[in-house]
Participant: 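Below you'll find the structure I mean.
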Amino acid sequence: MKKVLVTGGLGFIGSEAVICLIENGYEPIIIDNLYNAKLAVLDRIEEITHVRPKFYQVDCTKYEETKAVFEENDIDSVIHFAGYKAVGESTQKPIEYYENNLGSALTVLKIMKEKDVKNFIFSSSATVYGVPERVPLYETDPVGNATNPYGETKVMIERILEDVSKANPSMNICLLRYFNPIGAHASGLLGEDPNGLPNNLMPYVSQVAIGKLPFLRVFGDDYKTVDGTGVRDYIHVVDLAEGHVAALNHLATNPGLVVYNLGTGKGTSVLELVHAFEEANGIKIHYQIMPRRPGDIDENFANVDKAFNELGWKAKLTITDACRDSYNFQKKNPNGIE
Ligand code: UFG
């Protein structure tokens with residue numbers, strides 16, 4: 001069984017990817033420093049899959065301890081999820097964001113080179129496209145000028161990986177540009193578990209739904225979109241996780257450096273998502289229109305043909321599925337994963 005090192009493997013997306021890897025005959029080995037994840041996620045992965053993956057509480061900016069994991073395990077591929085990810089926080093703590101996100105990627109890449117591990121998948125983001133000139137976004141569209149330091153770390157790491165690929169043509173590197181991940185595992189055991197007040201739309205809506213928050217603040221209704229509220233490409237996290245397995249299978253064909261958008265190809269406005277949530281769950285979501293949130297863009301959605309043509313992957317679950325699964329997770333875990 002091929003061993004796949006999953007950094008940040010106890011996080012929202014990482015944990016779903018671990019499940020998918022197990023279901024597809026890979027052996028995931030998780031490293032996570034538990035900065036933004038809980039150890040209980042490991043128990044839940046075991047409950048779902050009946051497999052308890054090997055886990056190391058390791059910070060992958062730390063060379064020695066990360067190298068020890070490679071030495072103990074015959075790693076075939078790495079999926080690098082680990083990183084700080086809060087857009088707003090990154091504007092307050094740029095040094096920490098650059099240090100942690102670049103540092104962890106560089107440390108892992110350095111060890112991979114030393115150990116001759118050739119397959120690397122990177123969690124990138126649609127944020128690398130900055131303010132889009134037009135939608136849908138294609139992988140060939142210009143990258144750069146992210147609107148915040150978090151996004152800039154993704155741009156920089158993509159750039160580093162291009163150089164690494166040029167210097168090491170036998171390496172296989174996949175940049176996966178995620179659009180907006182939402183939803184949860186259908187069991188309700190795993191899902192998005194933010195600390196404090198959620199930044200992102202779906203966890204906020206879910207917390208309003210269970211009465212933990214009084215109402216949703218809709219940031220702006222004067223965007224150039226279908227109903228004036230921001231439009232994004234929301235992708236179910238289980239579909240997203242499957243995209244990683246498809247990418248991993250593709251790396252086995254030695255493609256060199258490849259880039260894919262992982263989205264649904266469809267834009268949904270804030271109010272459309274709220275109404276879908278209400279319908280899926282038979283519940284009313286109270287909201288108030290507020291001023292725009294600084295840094296937000298009107299509209300952003302993916303062209304997803306490349307991932308379908310080259311990986312044979314496309315998103316299968318709907319916004320309704322995601323609304324149902326997010327609510328189910330939130331109801332079962334009103335205080336997050338404990
Ligand atoms: N929104 C609200 N109220 C909220 C939260 C969000 O109205 O309480 C709106 C935003 O204004 C935006 C939409 O909902 O129009 C989506 O906002 P999110 O914060 O959920 O997501 P973003 O599109 O801002 O950012 C997300 C990830 C980033 C990633 C980016 C890639 O959080 O990590 O998608 O496009 F970089």
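Atoms within a ligand are numbered from 1 in the order they appear, just like the ligands themselves.
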Participant: Is the shortest distance from a heavy atom of Y129 to ligand 1 less than 4.0 Å?
Facilitator: no
Participant: Are any of the N/O atoms on R232, whether in the backbone or the side chain, positioned under 3.5 angstrom from an N/O atom of ligand 1?
Facilitator: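 Yes: some nitrogen or oxygen of R232 is under 3.5 Å from one in ligand 1.
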Participant: Does the separation of the ring centres of Y26 and H244 fall below 6.0 angstrom?
Facilitator: no
Participant: Flag the pair F215 / Y287 as yes when their ring centroid distance falls below 6.0 Å, and as no otherwise.
Facilitator: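 No, the ring of F215 stays outside the 6.0 Å limit from the ring of Y287, centre to centre.
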Participant: Is there a donor-acceptor contact under 3.5 Å from the side chain of S326 to the main chain of C323?
Facilitator: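 The answer is no, because no donor-acceptor pair under 3.5 Å joins these two groups.
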Participant: Determine, for F308 and K314, whether the Lys NZ or Arg CZ falls below 6.0 Å from the six-membered ring centre while staying within 45 degrees of the axis.
Facilitator: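 Yes.
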Participant: Determine, using heavy atoms of G151 and all atoms of ligand 1, whether some pair is separated by less than 4.0 Å.
Facilitator: no
Participant: Which of the listed options, F219, Y234, Y287, holds the heavy atom that is closest to atom 16 (C) of ligand 1?
Facilitator: Y234
Participant: Can you find an N/O atom of N200 closer than 3.5 Å to an N/O atom of ligand 1?
Facilitator: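 In this structure, N200 places an N or O atom under 3.5 Å from an N or O of ligand 1.
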Participant: When you compare ligand 1 with F179, is there at least one nitrogen or oxygen pair between them that comes in under 3.5 angstrom?
Facilitator: no
Participant: So, is R217 polar-close to ligand 1, with some N/O to N/O distance under 3.5 Å?
Facilitator: yes
Participant: Where's the contact between V270 and ligand 1, heavy-atom distance under 4.0 Å: side chain, backbone, both or neither?
Facilitator: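 Side chain only.
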Participant: Is the terminal nitrogen or CZ of R232 (NZ for Lys, CZ for Arg) located under 6.0 angstrom from the six-membered ring centre of F301 and within 45° of that ring's axis?
Facilitator: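 Negative - R232 is either too far from the ring of F301 or too far off its axis.
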Participant: For atom 24 (O) of ligand 1, which candidate among K85, R293, E299 holds the nearest heavy atom?
Facilitator: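 Of the listed residues, R293 has the closest heavy atom.
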